[in-house]
Amino acid sequence: MTTHAAEAQAGYAATTPTTPVTSDLTERPGRPLPGWLAVLTVLAAAGTAGWLLWKAGTLPVRLVGHAVLPTAPDSGRITVTGLWGAVALLAALAAFAAGGLARGRPGSVWVLTRHGAYRGTVRRTGLLWISPLLGRRRTDVSLRHWRSSPIEATDASGAPLHATVLLVWRVRDTARASFAVDDHVRYLREQVEAAVARILSRLPADDFRGPGPTLRDSDRVGDELTALLAAEMRPVGVEVFSARPVRLDYAPAIAAAMHRSQLAALDARHRRAVLDDVLAAVSETVRGLTDRGLVQLDDYERKALVKDLTVAFYTARGPAAEAPRRPGAA
């Protein structure tokens, strides 16, 4: 297999979701009624029941010696059974209308079910009426962010790491988020842990031998982590916008040793940079002296001059060029 084919296969494996796709389950709109219709129904039922009770002479016309209702007409044709039957029907109608009242809020929706089967999603806001015969539960579809606790992982060299990730996401398909998994929030957090372990194992946390790709490139690591999580969560209706590592540390067991290695690598790079600058300055000085004919040097004299100038220039750098003392050395 060629290098390009291997890289392509690795990239495909990194973004291929392992979650099974539930193709027959997708969000569809529910069909609520305006809430004011239910309010009018409740008022009409209550008014009709009150009128029947007043007409039957059941309601008192005087309270505390004052007339509050006009005298009821003759109600000889209204039977007690018929009266209370009508009142019971009106009360049931009012209760049915009032039981379906719901309030739609921005950033949340109602997921409707009937006997466990998905019946639709209501994304409208304001006062709504949803049949009380339908089960309903509220689902948050607003943009959400979550900062993980330190996640344990290992880099490509096997060094144990602790990574903290900031995730920005939202529910896009409420049907899949509600029924494709038991708990989409818990499932998302578990997928974050798995994705972090996969991504961090591809590169070393630090490369002390040279400027190679490492996990310190947060943009690259974040892009790979975002692509992997987006592919994993798409089948369950969750849209991942960003997954960025905000902190990457070595495990406490090796943190001190790796910190010393980092300092040694930085010191070596600094010394190499200083030496390159000194050698460039020496080369320019020797070339200027010889090109202007100020001195005539043979090979031995040239080497001696280069050595003296190198020591002088390097010493002139001051404390930055001095070798670090060992702990406890005099």
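These values consider heavy atoms only, across backbone and side chains, with no hydrogens, waters or symmetry-generated copies. Residue numbers run from 1 in the order of the sequence given.
- Judged by distance alone, the side chain of Arg119 and the main-chain N or O of Gly135 form no donor-acceptor pair under 3.5 Å.
- The line from CG of Leu112 to CG of Leu133 is 12.0 Å long, rounded to the nearest 0.5 Å.
- One N or O on the side chain of Ser148 and one on the backbone of Val165 form a donor-acceptor pair closer than 3.5 Å.
- When hydrophobic clusters are built by joining Ile, Leu, Val, Met, Phe, Trp and Tyr residues whose side-chain heavy atoms come closer than 4.5 Å, directly or via intermediates, Trp129 is not grouped with Val111.
- Note that CE of Met233 and CZ of Arg172 are 14.0 Å apart. Values are rounded to the nearest 0.5 Å.
- Counting non-hydrogen atoms of neighbouring residues, nucleotides and ligands closer than 6.0 angstrom, the CD atom of Glu190 exceeds 12 such neighbours.
- Both the sub-6.0 Å distance and the 45° axial angle are not jointly satisfied by Arg176 relative to the ring of Tyr187.
- Closest heavy-atom contact between Trp110 and Arg138: CZ2-NH2, 2.7 Å.
- Clustering ILVMFWY residues whenever any of their side-chain heavy atoms sit less than 4.5 angstrom apart, transitively, puts Val240 in a cluster other than the one holding Leu166.
- Within the 4.5 Å cutoff, the side chain of Phe241 has heavy atoms near those of the Leu143 side chain.
- In terms of hydrophobic clustering, with Ile, Leu, Val, Met, Phe, Trp and Tyr side chains grouped at heavy-atom distances under 4.5 Å, Val185 and Leu167 are assigned to a common cluster.
- Between Val42 and Ala98, the shortest heavy-atom distance links the atoms CG2-N, 3.8 Å.
- For the pair Phe179 and Thr113, the minimum side-chain heavy-atom distance is below 4.5 Å.
- Pairing each heavy atom of Leu101 with each of Ala38, the nearest pair is CD2-CB, 3.5 Å.
- By the 6.0 Å contact criterion, CZ on Arg31 is open, its count of non-hydrogen atoms from other residues, nucleotides or ligands being 12 or less.
- Using a 4.5 Å cut-off on side-chain heavy atoms (C-beta onward), Leu90 and Leu52 make contact.
- Surrounding CZ of Arg123 are more than 12 heavy atoms belonging to other residues, nucleotides or ligands, all under 6.0 Å away.
- To the nearest 0.5 Å, atoms OG (Ser178) and CZ (Arg137) are separated by 4.5 Å.
- The side chain to side chain donor-acceptor pair (under 3.5 Å) test with Thr174 singles out one residue from Thr139, Thr121, Thr26, Asp140, and that residue is Thr121.
- Salt-bridge check for Arg28 with Asp173: failed, with every basic side-chain N at 4.0 Å or more from each acidic carboxylate O.
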Run the side chain to side chain contact (heavy atoms under 4.5 Å, CB included) check on Leu203 and Asp217 step by step: do they pass?
CA-CA 10 Å; Leu203 293 173; Asp217 187 355; over 6 Å; no
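- By the criterion of side-chain heavy atoms lying less than 4.5 angstrom apart, applied directly or through intervening Ile, Leu, Val, Met, Phe, Trp or Tyr residues, Ile130 is not grouped with Val109; the two fall into different hydrophobic clusters.
- Within the 4.5 Å cutoff, the side chain of Glu239 has no heavy atoms near those of the Arg234 side chain.
- Taking 4.5 Å as the limit, some side-chain heavy atom of Leu248 sits within range of a side-chain heavy atom of Leu200.
- Annotation: side chain of Val141 is in contact with side chain of Val171 (closest heavy-atom distance under 4.5 Å).
- Within the 3.5 Å criterion, the main-chain N or O of Arg198 finds a donor-acceptor partner in the side chain of Ser201.
- Cluster annotation: Leu37 is not connected to Leu93 through the hydrophobic network of ILVMFWY side chains, with a link wherever side-chain heavy atoms come within less than 4.5 Å.
- By the 4.0 Å N-to-carboxylate-O rule, Arg220 lies close enough to Glu224 to be salt-bridged with it.
- What you find for Arg136 and Gly99 is that their closest heavy atoms are NH2-O, 3.3 Å.
- The two residues Leu215 and Asp155 come nearest to each other via the heavy atoms CD1-CB, 4.0 Å.
- Applying side chain to side chain donor-acceptor pair (under 3.5 Å) to Arg244 and the options Thr226, Thr164, Asp219, Asp223 leaves one that passes, Asp223.
- Within 6.0 Å of atom CZ in Arg124, more than 12 heavy atoms from other residues, nucleotides or ligands are found, so the atom counts as buried in its surroundings.
- Nearest approach of Ala153 to Ala197, heavy atoms of both residues: CB-CA, 4.2 Å.
- In this structure, the side chains of Arg189 and Trp146 come closer than 4.5 Å at one or more pairs of heavy atoms.
- For the pair Gln191 and Val238, the minimum side-chain heavy-atom distance is 4.5 Å or more.
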